[in-house]
Amino acid sequence: MELLSRFLLWKLVLLQSEWPSGPGTASSSVVTESAVSWAVGAQAVLRCQSPRMVWIQDRLHDRQRVVHWDLSSGPESQGRRLVDMYSAGEQRVYEPRDDGRLLLSPSAFHDGNFSLFIRAAEESDEGVYTCNLHHHYCHLYESLAVRLQVTDDPAAARAYWDGEKEVLVVARGAPALLTCVNRAHVWTDRYLEEAQQVVHWDRQPPGVPHDRADRLLDLYASGERRAYGPPFLRDRVTVDADAFARGDFSLRIDALEPSDEGTYSCHLHHHYCGLHERRVFHLRVTEPVVEPPVRSSPGNGSGHSSAPGPDPTLARGRSVINVIVPESHAHFFQQLGYVLATLLLFILLLITVILATRHRHRDGCKSSNKKEGKSKGKDVNMVEFAVAAGDQALFRTEDIQLDYKNNILKERAELAHSPLPAKNVDLDKEFRKEYCK
């Protein structure tokens, strides 16, 4: 028995060294790494979320840690629960026959010894025992398997390692101790959770390595906050006040400036649960997109836009997007109105020219008629004068001796013997009369 006790003590130390020391180490591991870009003057949001960082107070009186032992008699048999115990010290045995026969140390969650003690081993106790540790708050699950064999020969009692788990051989009716030791602080100590949860943001300017990054913010679950960094950036970075209640630690940067470029890191540390994560963001600040001026419609008095053109001194390589604004129906009718108004003005101008031309022709006809009337009077006088002269010459040559009683009879006789004068017809005058009607 003394030899067996020494072997079990040695195995206890060995298992303590082989069990993982904790759920995580202090060095954070990179979970995600992404490149993001925003324009100058915009608000940048760097998403950093983790439900495991939600701070939940222990309203269950520390019942979030539990250890339970299960037994599986064979590969095909379904395991059954033997005993479990919460960190508050409440122990529960499932089978009445095991009450008082299966024991766990009441101080298991203080010294980390979760070994199962069997007062008197029986043949029905043979099988694979599993020691299961659960931390519901930290979402941690760890287990350790031990095989128990019962023999009738006390000299055959021994313990050995089969390559996967420990095998313990005990004599029938003898006590058996199935070792399960884990002294990680997450199982043994109830640290104040609000003091164990911390989130901090770091910033690396371009060309600066990670180990020389500048600290921007420190956030604690207790509500304490500390701001660092250069003054031009310190007043423009914020994280929601209820970050630990929602698990959202996203960083918001208002009114981005070109000097804000760099690498930002979100570090999540839950020392109580052993959570250490890091999310990396490579922030790039771009120039804002300059929209082209809206085309002004003709006739509205706006003329050319007085807005200054793009600055030729801007950095090369920026992306320019040409936006074509579709014309609306109102703009179409406006253009149609301009065309109709122009056509109406042209028609009025044409009518005015035609009326002026006709009026000018009428004035010309009247003046020509007056001139013809004057010339006619002169022609008649000349004809009369010529006829009179001819008559005088004719009557001078004729030797007709007539005796008239008075001058009236004399004139009638002269008209009867004289030939009628020729009638002159002016064709140009007649044509002008017809045209001017």
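Each residue takes its place number in the sequence, starting with 1. On a predicted model such as this, the values are computed, not experimentally measured, just so you know. Side chains included, hydrogens not; waters and symmetry mates left out as well; all remaining heavy atoms used.
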Identify the heavy atoms of [X] and [Y] that sit nearest to each other, and give their distance.
X: Ala39; Y: Pro288; value: CB-CA, 4.1 Å
X: Leu268; Y: Cys48; value: CD2-SG, 4.0 Å
X: Ser265; Y: Val280; value: OG-CG2, 4.2 Å
X: Arg92; Y: Tyr94; value: NH2-OH, 3.0 Å
X: Ala171; Y: Ala157; value: N-CB, 4.5 Å
X: Ala245; Y: Val54; value: O-CG1, 3.6 Å

Would you compute the distance between atom [atom1] of [X] and atom [atom2] of [Y] and round it to the nearest 0.5 angstrom?
X: Arg203; Y: Leu217; atom1: CZ; atom2: CG; result: 13.0 Å
X: Asp111; Y: Ser105; atom1: CG; atom2: OG; result: 5.0 Å
X: Ser250; Y: Leu46; atom1: OG; atom2: CG; result: 8.0 Å
X: Leu144; Y: Thr179; atom1: CG; atom2: OG1; result: 7.0 Å
X: Leu116; Y: Leu104; atom1: CG; atom2: CG; result: 5.5 Å

So, applying side chain to side chain contact (heavy atoms under 4.5 Å, CB included) with Ile118, which one of Val170, Asp125, Leu103 is it?
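Of Val170, Asp125, Leu103, side chain to side chain contact (heavy atoms under 4.5 Å, CB included) with Ile118 is met by Asp125 alone.
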
Using the rule given for ring-ring contact (aromatic ring centres under 6.0 Å, His included), can you reason through His276 versus His270, listing the C-alpha separation, both sets of side-chain angles and the distance that settles it, and then say yes or no?
CA-CA 6 Å; His276 303 280; His270 198 317; 9.1 Å; no

Indicate yes or no: does [X] engage [Y] in a salt bridge with an N to O separation below 4.0 Å.
X: Arg236; Y: Asp260; result: yes
X: Arg80; Y: Asp70; result: no
X: Glu166; Y: Arg147; result: no

Hey, are [Y] and [X] close enough side-chain-wise for a donor-acceptor pair under 3.5 Å?
X: Ser115; Y: Asn113; answer: yes
X: Asn132; Y: Thr130; answer: no
X: His282; Y: Glu261; answer: no
X: Arg81; Y: His68; answer: yes

Residue that, paired with Tyr228, satisfies side-chain hydrogen bond (donor to acceptor under 3.5 Å, both in side chains) out of Asp202, Asp214, Asp218:
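Going through the options one by one, the only one that passes is Asp218.
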
Applying ring pair (Phe, Tyr, Trp, His ring centres under 6.0 Å), can you list everything that pairs with Tyr129, at least two apart in sequence or on another chain?
none

So, [X] side chain and [Y] main chain: donor-acceptor pair closer than 3.5 Å or not?
X: Gln91; Y: Met85; result: no
X: Asp240; Y: Asp242; result: no
X: Arg65; Y: Trp187; result: yes
X: Arg279; Y: Gln49; result: yes
X: Arg225; Y: Val239; result: yes
X: Asp98; Y: Arg101; result: no
X: Glu257; Y: Gly41; result: no

Before giving the answer on salt bridge (Lys or Arg N to Asp or Glu O under 4.0 Å), spell out for Glu122 and Arg172 the whole-Å C-alpha distance, their side-chain angles and the decisive distance to 0.1 Å.
CA-CA 6 Å; Glu122 300 176 359; Arg172 187 189 305 273; over 6 Å; no

side-chain contact (heavy atoms from CB on, under 4.5 Å) between Leu256 and Val40, intermediate numbers included
CA-CA 5 Å; Leu256 275 177; Val40 174; 5.7 Å; no

Whether Phe114 and Phe109 hold their rings parallel, tilted or perpendicular, with breakpoints at 30° and 60°
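The rings of Phe114 and Phe109 stand perpendicular, inter-plane angle above 60°.
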
Look at the rings of Phe244 and Phe249 and say which category their plane angle falls in: under 30° parallel, 30 to 60° tilted, over 60° perpendicular.
perpendicular

OH/Tyr141: more than 12 non-hydrogen atoms of other groups inside 6.0 Å:
yes

Should the heavy atoms of other residues, nucleotides or ligands under 6.0 Å from CZ of Arg97 be counted, would the total exceed 12?
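More than 12 heavy atoms, drawn from other residues, nucleotides or ligands, come within 6.0 Å of this atom.
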
